[in-house]
Amino acid sequence: MTAITEPEVAQHAAQKSAMEPLIFERSKKGRRGYQLPDLDVPEQPLDDLLPAALRREEIQDEVEVSEVDVMRHFTRLSKLNVSIDAGLYPLGSCTMKHNPRINEEIARTPGFAWSHPLQAEHQVQGNLELLWHLEQTLKEIFGLPRVTLQPVAGAHGELTGILMVHKALAKTGNARKYILIPDSAHGTNPASAAFAGYQIKELKSNSRGTVDLSTLEAAVTEDVAALMITVPNTLGVFESEIKAMADILHAKGAYLYCDGANLNSFVGIARPGDMGIDVIHSNLHKTFSTPHGGGGPGAGPVGVSESLVPFLPTPTIERREDGTFYCDFSHPDSIGRMRAFHGNFNVLVRALTYMRSMGPTGLRRIAQIAVLNANYIRARLRKTYHLPYDAPSLHEVVFSDKLQTPKDVHTLDIAKRLMDYGFHPPTIYFPLIVSGALMIEPTESEPKEELDAFCDAMIAIARETEERPELVRSAPHTTPVRRLDEARAARQPILRWTKK
Amino acid sequence: MTAITEPEVAQHAAQKSAMEPLIFERSKKGRRGYQLPDLDVPEQPLDDLLPAALRREEIQDEVEVSEVDVMRHFTRLSKLNVSIDAGLYPLGSCTMKHNPRINEEIARTPGFAWSHPLQAEHQVQGNLELLWHLEQTLKEIFGLPRVTLQPVAGAHGELTGILMVHKALAKTGNARKYILIPDSAHGTNPASAAFAGYQIKELKSNSRGTVDLSTLEAAVTEDVAALMITVPNTLGVFESEIKAMADILHAKGAYLYCDGANLNSFVGIARPGDMGIDVIHSNLHKTFSTPHGGGGPGAGPVGVSESLVPFLPTPTIERREDGTFYCDFSHPDSIGRMRAFHGNFNVLVRALTYMRSMGPTGLRRIAQIAVLNANYIRARLRKTYHLPYDAPSLHEVVFSDKLQTPKDVHTLDIAKRLMDYGFHPPTIYFPLIVSGALMIEPTESEPKEELDAFCDAMIAIARETEERPELVRSAPHTTPVRRLDEARAARQPILRWTKK
Amino acid sequence: MTNLPDPTDSSSSHRYISNAGEDIREMLATIGVDSIDRLFDTIPDAVKLKGLLDIPGPWSEIESRRWFRGLAARNKTTADHASFLGGGAYAHYQPAIIDQLLLRAEFLTAYTPYQPEVSQGTLQSIFEYQTHQCLLTGLDVANASLYDGSTALCEAVLLAERLTKGKKKVVLAKSIHPHYIDTVRTYIQNLGLEIVEVGWGADGRLDLDALRAATADAFAIAVQSPNFLGVVEDYDAIVGATEGLTRISVIAEATSLGVLAPPGQHGFDICVGEGQAWGIPPQFGGPYVGFMVVREALKRHMPGRLVGETVDVDGKRAYVLTLATREQHIRRGKATSNICTNQALIALAANMYLSLLGKEGLREVGLQCLQKAAYLRAKLREIQSIELPFAGPVYNEFVVRTPFPAETILADLEHEKILGGIPLGTFYDGHANDFLVAVTELNTREQIDQYVAALSAAISRERR
Amino acid sequence: MTNLPDPTDSSSSHRYISNAGEDIREMLATIGVDSIDRLFDTIPDAVKLKGLLDIPGPWSEIESRRWFRGLAARNKTTADHASFLGGGAYAHYQPAIIDQLLLRAEFLTAYTPYQPEVSQGTLQSIFEYQTHQCLLTGLDVANASLYDGSTALCEAVLLAERLTKGKKKVVLAKSIHPHYIDTVRTYIQNLGLEIVEVGWGADGRLDLDALRAATADAFAIAVQSPNFLGVVEDYDAIVGATEGLTRISVIAEATSLGVLAPPGQHGFDICVGEGQAWGIPPQFGGPYVGFMVVREALKRHMPGRLVGETVDVDGKRAYVLTLATREQHIRRGKATSNICTNQALIALAANMYLSLLGKEGLREVGLQCLQKAAYLRAKLREIQSIELPFAGPVYNEFVVRTPFPAETILADLEHEKILGGIPLGTFYDGHANDFLVAVTELNTREQIDQYVAALSAAISRERR
Ligand SMILES: Cc1ncc(COP(=O)(O)O)c(C=O)c1O
Ligand SMILES: Cc1ncc(COP(=O)(O)O)c(C=O)c1O
């Protein structure tokens, strides 16, 4: 029976899918994937409608395929992906939770899906009411007086928030120069601050991974516009001194911006507004379950404290005495519009559906079980993997590869090897303050047995590292493709198909 | 690098899915997968509503799982199946064609999905009109004056048809005793005939696999009620003498029943009614693309010639002068009702959507390309596999394992080995007149490149049979489970989970 | 044939058929013929069509959406009316994930799991479905599905007949769904069997005296509970009166199994029924899913497919179609049934529903139906001139009688956007003023209160 | 906290959260704490909530369906009106398979393909999407997506600015979608850049004289075609007037690329736009998909994600995120953009749409839009007192002027179940009587004829 384990035999099935050609390579003359109704108006000579110079020739090299070809192609492509519906997807900082299907159903209601963004307000009262309710709900969750729903992602929310801070400070005559950002922060924080017109000053974390009050105090000069901080931070550690931080900043006329990417860990348990936070964005595609879609779309509403309300993007959605709703553009100090139309409306629909499904008890339970699950993994793996920061963590836990590097097995290898065990790897090499970080966020969705299977796999990999390190170093072995030559991709970039 | 091809390593990922426990084994006390609105009427003591003796205790051993658990479970189970959307599924006689998604969308229109089968006729005019149009369309396709839409599968249609034959004959004073059925027929034919109250006389096929006129002539006695024949037959061979057969039967007062399972091969090219056929069922889940659903639901409308019209099941759907529609029960000679309500209505919706998508040109093209595809496979494989019947075939081709048996490789082995190449096997060991049959029906959906890949795989397996027969005999090697102990399943049947 | 389109011309291409001009020419060359027409030479010209079929199309999706949505819009349905319709088809809650899972190609577009190595998803789900049926009915062996409730009853009668060759009489409660009885009549018409119907007593339950009189020489008795009048039967009493018969219980409202006594624990041998109530939309009558569960001893008589547990060559647990020697593809004319294609996808939906709702949910659905129906009944009893003619216990459905023809009253309710019931006179003589009313967990108290008000108004209107 | 629910109690279980009573107790034991509350000790009591949030819920799916469908029913939409709305969001045909494929968990619930070995599906699709963008625009390198058309323009302006450090002026055609211009204004407010707007001439096209006057010291020029008035710009003429500037073409109606000259072949360096018209429902403005395609030389300045081809250790072709050093997670404060999460799923939908429609279909959609708009224009020209103020060539959208306020006329149309246009006065002073009208392949001749009749009737009515 030796024959049957030979790789060329064992991989036929996988290869069939893995060898799926590009849709362009499936093209064949005469095939067709669509039909339109026959043109039902008298056809006029093209030249009478549009001068030839403004027209194009045929779209060269565009595809000719049937609907069957398209169905096959994308079905096969889909099979090359792992997904939340199939198992744990513990990307730290990404809150890969269960995406309820009722949200998808509601978003597809024709009255929502086919409403047009430039309709008269009286024609879209349902939409405006929905947005209004979502703002009310987020206000309560944030403990802040107003929320803008326009930003379509976390980073977009960050830019919105910092632009408001800038405008508010500019109004006092001095927009200031710096935004303080801890070294544990996500890359979008400095990038957004820069796009908002600020320079970045990085704050060093202490041994708990958090920011010392003294560090902050020393850094907050008259030139500092705001501190941009993630709570809990990217190690999952809560900044217990958050209120004192706010006081320090406020005393100097600076603002406290909270990156709310980790809201899942304390939603319904504590409120940013009660911590002295002035601005916070929430990634609805994280805490509020809108599906990640292979990289988006998301939404990044921003809540603000009273002093920043005048600077919110326009329009805001308001309710009249008579119960009707309207868009209010009368905010002279507004930073302006962050995007055409009303943001990612149909992502917002999904998020509100989710908030209603959870209710106050459910939101609280999210945080409780998310934190329980993360701490369970922490407890099960802490003897096997190095825990660089020992402070109690909430919804995620960050290990490092320190115990494995002596065998020349690194975080990347561990991540790849996890794939052979059927798991998507955690976030790796982030936060930057941990060398070889493995950042694990299970979310509240995961059942105990899935967490156990994951921990068992991690422990097995640690054992393999001792006994057969090459096996781990050369992983993955069972995926549709194996380790890629990423350097080659960057050195000689091929960024599109071209006809041979 | 030897380590990485070891089976225990290579199969982790597959195993994770393959080891999916039963949903009952995922159950854990306290988990919940649903929520209902709170009861909004005053709750009355149960005993006042229903005596305890009529009530049950809790449903012992029923599951307690979350929605996440259910989503994971069924997503993982789905990954253990192959499907038409992922590739060729050449089950002969099953017409596994592309299932257009517009049909699914239309069937889910709330006006169809939420209409109730016992509503007053004026409330469901849309449904009745749809059924009426479907009947008109099938009448034209069949070339027959009436069609009943009640039967919900091919076998159900067979029973309907033979019951009509019985009733028609009984009306003449003699229902007769026998139904003639060729030895190449599908098992449902004799079973249906028996359930309709007849005995079966089997007709021997000739060397073309068809029925000789002389054989028929000899068999048609005064006791014969009908011939039940599949056109083209289960070898894909058309009964060129079909009209003469009809004449022979009709001369003796017997009927010609056509099993229309293979309509896909001649839809739009020729019509059963024009061949002298008196009754035909069509499996809408074959020729008319309604999805097979892992084994159903389907639909099996039955068309009849003038003489059988009085015996159709009730109700029939009729159109009034004023353009309204109604259910007509006034058929005193009807065989009665074949099923509650209106048959598989929402399968019928899908089928009519498909017929409209195809139109007259598209239906004709179905047959043309289905026959082209099958003959292409036949041409490519006939040097490699034995073709037991050499007559020209239409939409399917039946090979045997005769060239492989000397190496002790049999049809079952070839079928299993195809799985390793990523293909669902053909129908095997049917029709019974071919020893070790491999019955291949590609349908019109398949692109040439998929047919080529399939033929390449078949040829490779033939080569493996010569060179490494053990590899084929022990296949499959790459599926979630390998060959099963089917005897054990039948010897000590375990037909349900029981709590340990 | 000169008017017929040239299949190699690109205007002949169709979106559902991949191969087109270039492919066709290559393939014909391999086959060695010069046109597709040649491949049809075995069909005599005399029976070949000379032109195209006279049917509409081909339509684009845009045109199909317009036409079919137009038809759907001409129906009045639960989607835009408050519905109190039952009679064997119930509007229950359908969890959102079910339909989206059903659309997965791996479930939707696969076929019967003849090849277990590439069909474990379907097979395991059927095994689970079979288990749910056993737990719910208190019986031992369930099959993979039958067409629907009516044909499941036919199969049960035929099964029972096979057990006791010789006897030819089957007793059916008249209060079984009339469509089911009709269907049995159709199925058995040539098999020399006789149906005896037994009516109901004043409380709407099976008339036990009449039953006792009818059982002589009978091989089986079938009763439905809740019956077509909505009344819950007393299994134990029926069992006492049907010694020696094969007892068939019929379930037309499957959610009732969440609260009602399971027939298998009360002397019944076979339970058949309609699974539509497990979250399948009414969709004008189908596709639904028939189920059959039997005592252990009857398993080799079971019609339809059965999935069993086994192991693969590596000893790994797996599932497979089994006991196939009962079936038509092996036994042909002597099979236990002619069924082949069944209702697999709907059985899968039922498995999902039963798993999601689970132990607690199935009970809660049942209790809510019970309580809401009781609430409506209490309100209706307050209205003069409304009668609830049958006093037997009910689950979620019951008969209402007013002094006026049911159709008249129901038309009045329809004006208020209420689908108010099913006229009983369609099914039984002498019930012109009666109609069936069903309540489920989807009916809100507000709807029920409106129903009562509308009904009361309708009666006043008619009185004038 | 005594009022707060006990998480181990089964009444606390929620359907979206697997772990419940039994699990929780087991896990706490492993962790070694006696309650979940202990795990939150690092959050100071002072900031902890003492009770529950004051928000509605938890709702069942039944309740959510009722409430949200109730809201949706209060919108008047293309679903039940004939719509002639455009202005950057168009109702085009959406092939049925797209949405059902998007619901596949493997697409819907995966995230950014950081781990290429288990994300080839997403990666290959993005690579294909990038290719389609290149073919359609005539440019060389496309990214994986940006938020939408408006923010894509912002990114293009910032990219252009990076190319030519020193210059601070960007010229924007005033006829670019006003929301896009507003968004650019917001984005650049603190970056020391200046926007100069150039208006349109009598024919609705960019005023070339004004353009020439504005280009001095500018680093870039952006024009939209068809512009917000629906008029197709003359790329070649604009190129002639903008020597030395980075030229940005903005596409707000993506299907126009099926028939209009590709900007990359007419002197433009960057093409950005909104992909919504590729079969994405209007859905009140989002989620849509912004695209950006640039000349080869600009690729290392590209914002957002890029997917490139490479091979795996076995030499097998594969796809991977590449040139990541441009991005925020590597370059942080110096990245080419702050974008992280983008619009991947919508880009996937666009890839499906472009593949299905293909070479022929993209052209046919364009031609049908063109012809149908021309038909409507011809009909409107026959009506006295209707003016089409801009004479420039159009694709599928144009401005209509009547003697009455646009809002009044449109309200009249609304009574006829027609969403008749977008008032231009909202965006530009002095256009109170003008509105934008768009026509797509979904508008039937019957709808168009009804539109003409209704508009004509509305004008007569107002005249009285
Ligand atoms: C901590 C943190 N901040 C910000 C972001 C950026 O959010 P988005 O991707 O929604 O733009 C992320 C997302 O991964 C994050 O994890
Ligand atoms: C030739 C033939 N006849 C009859 C049938 C039975 O049809 P159904 O499965 O729809 O009952 C089949 C189905 O496989 C078949 O292939």
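Chain naming here is simple, since letters A, B, ... match the order of the sequence lines and numbering starts at 1 in each.
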Shorter than 4.5 Å, heavy atoms on both sides: which option in [options] has the most such pairs with chain A?
options	result
Ala91(D), Ala324(D), Ser145(D), Pro44(D)	Pro44(D)
Lys299(D), Gln120(D), Gln130(D), Arg69(D)	Gln120(D)
Leu323(D), Thr322(D), Asn342(D)	Asn342(D)
Leu191(D), Ile24(D), Thr78(D), Thr341(D)	Thr341(D)
Asn75(D), Leu52(D), Leu108(D)	Asn75(D)
Lys334(D), Lys76(D), His177(D), Arg331(D)	Lys76(D)

In terms of heavy-atom proximity below 4.5 Å to chain A, should [X] be classed as side chain, backbone, both, or neither?
X	result
Leu260(D)	both
Tyr114(D)	side chain
Leu357(D)	both
Arg185(D)	neither
Ser83(D)	neither

Exercise. Has the side chain of Thr77(D) got a donor or acceptor atom that lies under 3.5 Å from a matching backbone atom of Ala79(D)?
Worked result: yes

Exercise. With no hydrogens and no angle check, is any side-chain donor or acceptor of Glu140(A) less than 3.5 Å from a backbone partner on Thr137(A)?
Worked result: no

Exercise. Mind checking whether His156(A) and Tyr147(D) have ring centres under 6.0 Å apart?
Worked result: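 Between Tyr147(D) and His156(A), which both carry aromatic rings, the centre distance is below 6.0 Å.
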
So which of [options] has the biggest tally of heavy-atom pairs under 4.5 Å with chain D?
options	result
Glu104(A), His98(A), Gln60(A), His342(A)	His342(A)
Arg380(A), Arg271(A), Arg378(A)	Arg271(A)
Asn283(A), Leu118(A), Asn99(A)	Leu118(A)
Val63(A), Val237(A), Leu495(A)	Leu495(A)
Leu91(A), Val82(A), Asn375(A), Asn127(A)	Asn127(A)

For this session: Quick one: pull up CG in Leu77(A) and OG in Ser125(D) and give me the separation to the nearest 0.5 Å.
Result: 6.5 Å

For this session: Nearest 0.5 Å please: distance from the CZ atom of Arg364(A) over to the NE2 atom of His14(D).
Result: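 So the gap between those two atoms works out to 15.0 Å.
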
Exercise. Salt bridge (charged side-chain N to carboxylate O under 4.0 Å, His left out) with Glu61(D): which residues, sequence neighbours excluded?
Worked result: none

Exercise. Which answer fits Ala155(A), side chain, backbone, both or neither, if we ask what part of it has an atom under 4.5 Å from a heavy atom of chain D?
Worked result: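 Contact with chain D is through both the backbone and side chain of Ala155(A).
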
For this session: State which residues pass ring-ring contact (aromatic ring centres under 6.0 Å, His included) with His292(A); sequence neighbours excluded, sorted by chain then number.
Result: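 Here the qualifying residues are His285(A), Tyr111(D).
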
Problem set entry | Ala107(A) to Val349(A) - nearest heavy-atom pair and separation |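 In this case the closest contact between Ala107(A) and Val349(A) is CA-CG1, 4.1 Å.
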
